[in-house]
Amino acid sequence: MPPTPASPTTPACIVLIDAVADRLITQQLNSPDIPPAIEVVDVRAIDQRGRDIIEALRATRFTGGLVIISQSTAEDRVALLDAGADHVLDPSRGVNELIAWIRSITRRTQLDRRTHLLPGHLDPTLTLCTHTNSIVNNGLRADVTETERKILAVLLRNRGNIVHRHHLLMVIWGITCDSTTNVLNAYIWSIRRKLATIHAPSALQTIRGKGFVLMT
């Protein structure tokens, strides 16, 4: 039986939560009760770095909801919203209200995607299956890890365009500063090897000094 094409695999909502916020909020947002369409990222000094982080996320063509949880000043909130955040929520609202806000934003984003998603957002010859964590090409299947699936989702959504290294580090691992870590290179190597095993027509290329591009 041919694989069923998966729905878009980028999260419907990314929550950037100030690292100094109550740990209970982060724990609740990472609980099994929260929809898997929500990604939670801890960020240090979000008021100082939030604008750059948001602009980097939007540069990856991420169209989902962006929610900031931080005790920000009015000036900081305006700057974060102008940079592309959808909401800036004060953690003093309480865990239950914050989660309700995030669920509401996620539902709206998912509805917008179902309404406006056009054919061709994924390479039609390469299927990324979220329910089995695998990639399929002409009946050939290769299993991928959860992290590899997330990386592939970003690359497929931006196919033909360079996805900068620091964008992937931010979206996948929450690394918001310059980093010399080689973990991303290791995952890219693994993905490239798995694409080759299923004779995928897409070539994952490294653009020196910039990032990666999935050619179709």
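Please read these numbers as outputs of a predicted model, since none were measured by experiment. For the single chain, residues carry numbers from 1 onward in sequence order.
- Shortest non-hydrogen contact noted between Ser134 and Arg141 is OG-NH1, 2.7 Å.
- Taking 4.5 Å as the limit, some side-chain heavy atom of Leu169 sits within range of a side-chain heavy atom of Arg165.
- The shortest side-chain heavy-atom distance between Leu214 and Leu195 falls under the 4.5 Å cut-off.
- One finds the CD1 atom of Ile135 at 9.0 Å from the CG atom of Asp143 (value rounded to the nearest 0.5 Å).
- Taken from CD1 in Ile68 to CG in Leu81, the straight-line distance is 8.5 Å, to the nearest 0.5 Å.
- Between Leu128 and Arg149 the shortest heavy-atom distance is CD2-O, 3.8 Å.
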Begin with the C-alpha distance, continue with both residues' side-chain angles, and end with the deciding distance and a verdict on side chain to side chain contact (heavy atoms under 4.5 Å, CB included) for Lys194 and Val144. CA-CA 8 Å; Lys194 291 177 180 180; Val144 296; 4.1 Å; yes

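- How far CG of Asn182 is from CD1 of Ile188: 12.5 Å, rounded to the nearest 0.5 Å.
- With values rounded to the nearest 0.5 angstrom, Ser190 atom OG is found 9.0 Å from Ile151 atom CD1.
- Looking at Thr206 and Arg192, their side chains do bring a donor and an acceptor atom within 3.5 Å of each other.
- In this structure the side chain of Glu146 reaches within 4.5 angstrom of the side chain of Asn133, judged on heavy atoms.
- Other residues, nucleotides and ligands place more than 12 heavy atoms under 6.0 Å from the CG atom of Asp82.
- Contact record, Ile69 with Pro91: CG2-CB, 4.0 Å, taken as the closest heavy-atom pair.
- Note that CH2 of Trp101 is 5.5 Å distant from CZ of Arg93, once rounded to the nearest 0.5 Å.
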The test is side chain to side chain contact (heavy atoms under 4.5 Å, CB included); show your working for Val213 and Leu204 and say whether it passes. CA-CA 6 Å; Val213 59; Leu204 180 52; over 6 Å; no

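- Side-chain polar atoms of Thr147 and Thr145 form no donor-acceptor pair below 3.5 angstrom.
- Between Ile53 and Leu16, the closest heavy-atom pair is CG2-CD1, 3.8 Å.
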Intermediate values then yes/no, side chain to side chain contact (heavy atoms under 4.5 Å, CB included), Phe212 and Leu184: CA-CA 11 Å; Phe212 309 93; Leu184 177 56; 3.6 Å; yes

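- The minimum heavy-atom distance linking Leu140 with Ile198 is given by the pair CD1-O, 3.6 Å.
- Formation of a donor-acceptor pair under 3.5 Å by the Asp86 side chain with backbone atoms of Val67 is not found in this model.
- Two residues are said to be in side-chain contact when any heavy atoms from C-beta on lie closer than 4.5 Å; His167 and Met170 fail this criterion.
- Transitive grouping of hydrophobic side chains (ILVMFWY, heavy atoms separated by less than 4.5 Å) brings Val183 and Ile172 into a common cluster.
- In plain terms, the two heavy atoms of Leu152 and Ile191 that are nearest each other are CD2-CG2, 3.6 Å.
- In this structure, Ser70 OG and Leu89 CG are separated by 10.5 Å, a value rounded to the nearest 0.5 Å.
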